[in-house]
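See below for the structure under consideration.
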2 protein chains.
Amino acid sequence: MSLRHALLDLLAAGEPMSGYDLAQEFAVSLANVWPAQHSQIYPELARLVEEGLIVQTGEGPRGRKVYEATPAGVEALRTWLLETEPDYGVRSEAFLRSFALWTLTTEEAQAHLARDRAEYARHLQYLDTAIAAVDWSTSPSMRGRRLAIEFGHRFFTQLVEWADWASAQVEAGLLEPGGPLPAPPWEHSEGTDAKV
Amino acid sequence: MSLRHALLDLLAAGEPMSGYDLAQEFAVSLANVWPAQHSQIYPELARLVEEGLIVQTGEGPRGRKVYEATPAGVEALRTWLLETEPDYGVRSEAFLRSFALWTLTTEEAQAHLARDRAEYARHLQYLDTAIAAVDWSTSPSMRGRRLAIEFGHRFFTQLVEWADWASAQVEAGLLEPGGPLPAPPWEHSEGTDAKV
DNA sequence: CTATACATGTAACAAGTTACATGATTAA
DNA sequence: TTAATCATGTAACTTGTTACATGTATAG
C-alpha cells in the first residue's frame, strides 16, 4: 500500500507528472524513504487510474502520459494518514551490516566504517545542496515537505556522527578482546524521555 | 540476500539457536533493522543447512532444532561485508508518511506527530532498558554489537527530537499559508562535512 | 547520423507477508 | 483440564527487482 500513497502524494502536490517523472523523483528525493523502479510504477499508475484516484490530464512527446491526483485521490491520502496504523519498522541493510562488524579485524572494520562515513557525508552534502536550491514557501505541499527534508537531514547527520563514533571505538580497541567498552548511550541523551 | 546474513550473524555470535529463537530475536533486536517472520526464517534455515553454512547441533522438546554456524558460514558473513557493495537505501513507512503531512490540518498533523513521538520514545526507553540489562564485554560479537545498539539508540533519539521539532513548526503555523518557515538545517549541523 | 536521454511497458524471478495447519509441553 | 506458549512447517498472495523489449525526440 505504501507505493501507491507515495505516488499519490507526489501527484497531489500540485505539478502534474508522468510515470517517467515519478521514477526520477523516486530515484532522488524518495530514494531513502521508499525506493521504487519504473517497472513497479507504471502498473501502479494504471491501477490508480482504474480506481479513479488519479487521472491522465495531458500527454507529450514519445507517448508521455501526464497524471494528476483527483479529489478522491487526495482523500485517499488523508485516510491513509488518519485511519491506518503506521508501520514504524525500518529496513536498512547498512544498519544490518553493523551487527556483523565483529567478524572483521580492527583494520577491516575501520575500512568499512570509513566507506559508510564517506557515503553518508556525500548524501548529506547532496541533501543540503538540494534544500538550498528550493523555495519552500511556494505551496502547501512544499511547506509540509520541509518537515520530511529535515528528517532526512538529521538522519544522515546522525549517520555520519555514528560512523565517526564507531570508528573511534574500534580504534580504541573495541573489537580486540579485553579492549575498552564505551559508556552507556543514555549518558549523552537528555530531554527525550517518554511523556507517558 | 540480507535475511540469510542476519541469520548467519546471530548463529555465528556464539549461542546455538533454534528457528523459534531466531524469530524472537527478529521480533525484538532486529525488528527495526531487518524484520522477518518465522515463515521466512524456517525455509531459509533449511537452505543454509543445505549449503553447509550452518549445521543442526542439537534438538529439544516439541521438535525443536538447534543450529550453529559453520566456519564456512562465518566466512560467508565476512565475504558479504568485505566484498559486496552495501545497499545504503532505507525503507521507512513512517518517513514516507511525513511527506504527506501537508494534506492534514494543523490539528490532525499535531495528533499524528504526537503519536509518532510517543511510539519513538517508547521504543527508545525499551532500547535503553535492554542496553542496561546486558553485559557487553562477554564475547567478540557482544562487543561489536554494542556499535549497532548505539546506532539504534541514536536513531530513535533523533526521531523523538525530530517529532518535537516538527510539532513546534506545525504549532507555529508551518502548514498554514503564509506561516513561518524554519531556518535551513545546515545552521545547526557542524563538524559533519565530507572528508572528500 | 549517431549517441544519449526520454518514455512506456511486460515477463520472469526473488523476497516478504498473511493465513493456514499441526502438534507438544508447561503452568495454572 | 485447559489455556498459553513453544515449535515447526506450508500455501497463497503481494510486493519488489532485474531483465527484456520497443520506440521517439533531441543534441552534438
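Proteins come first, then strands; the chains are lettered A, B, ... in the order of their sequence lines, and each starts at number 1.
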Check: Are any of the side-chain nitrogens in Glu51(B) or Arg47(B) under 4.0 Å away from the carboxylate oxygens of its partner?
Finding: no

Whole-Å gap separating [atom2] ([N]) and [atom1] ([X]):
X	N	atom1	atom2	value
Leu45(B)	dT8(D)	CG	C1'	11 Å
His38(A)	dA19(D)	NE2	C1'	10 Å
Tyr67(A)	dT8(C)	OH	C1'	9 Å
Asp87(A)	dT14(D)	CG	P	18 Å
Tyr42(B)	dA7(D)	OH	C1'	5 Å
Glu93(B)	dG16(D)	CD	C1'	16 Å
Gln56(A)	dA7(C)	CD	C1'	13 Å
Met17(B)	dA7(D)	CE	C1'	14 Å

Whichever of Trp34(A) and Pro61(A) has the more 5' nearest nucleotide on DNA chain D, that residue is Trp34(A)

Whichever of Met1(A) and Ser39(A) has its nearest DNA chain D nucleotide further upstream toward 5' |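 Taking each residue's closest nucleotide, the earlier one in sequence belongs to Met1(A).
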
Distance test, side-chain N/O of [X] to OP1/OP2 of [N], below 4.0 Å:
X	N	result
Tyr20(B)	dC6(D)	yes
Arg62(B)	dG23(C)	no
Arg91(B)	dG16(D)	yes
Gln37(A)	dT17(D)	yes

Exercise for the section: Counting heavy atoms from C-beta on, name the nucleotide in dG9(D), dT15(D), dT10(D) closest to the side chain of Gln40(A). Expected result: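 Among the listed nucleotides, the one closest to the side chain of Gln40(A) is dT15(D).
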
Out of dT10(D), dA7(D), dT8(C), which nucleotide sits closest to the side chain of Asp21(B)?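 For the Asp21(B) side chain, the nearest candidate turns out to be dA7(D).
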
Asp21(A) and Ser18(A): side-chain donor and acceptor closer than 3.5 Å?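 A donor-acceptor contact under 3.5 Å links the two side chains.
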
> In Å and rounded to the nearest 0.5 Å, what is the CZ to CZ distance from Phe156(A) to Phe151(A)?
Replying inline: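 These two atoms lie 10.5 Å from each other.
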
Would you kindly check if the NZ (Lys) or CZ (Arg) of Arg97(B) is within the cone defined by 45 degrees around the ring axis of Trp80(A) and under 6.0 Å from the six-membered ring centre?
-> yes

message: Could you tell me if Arg143(A) sits above the aromatic ring of Trp102(B), with its cationic atom closer than 6.0 Å to the ring centre and no more than 45 degrees from the axis?
response: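 Negative - Arg143(A) is either too far from the ring of Trp102(B) or too far off its axis.
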
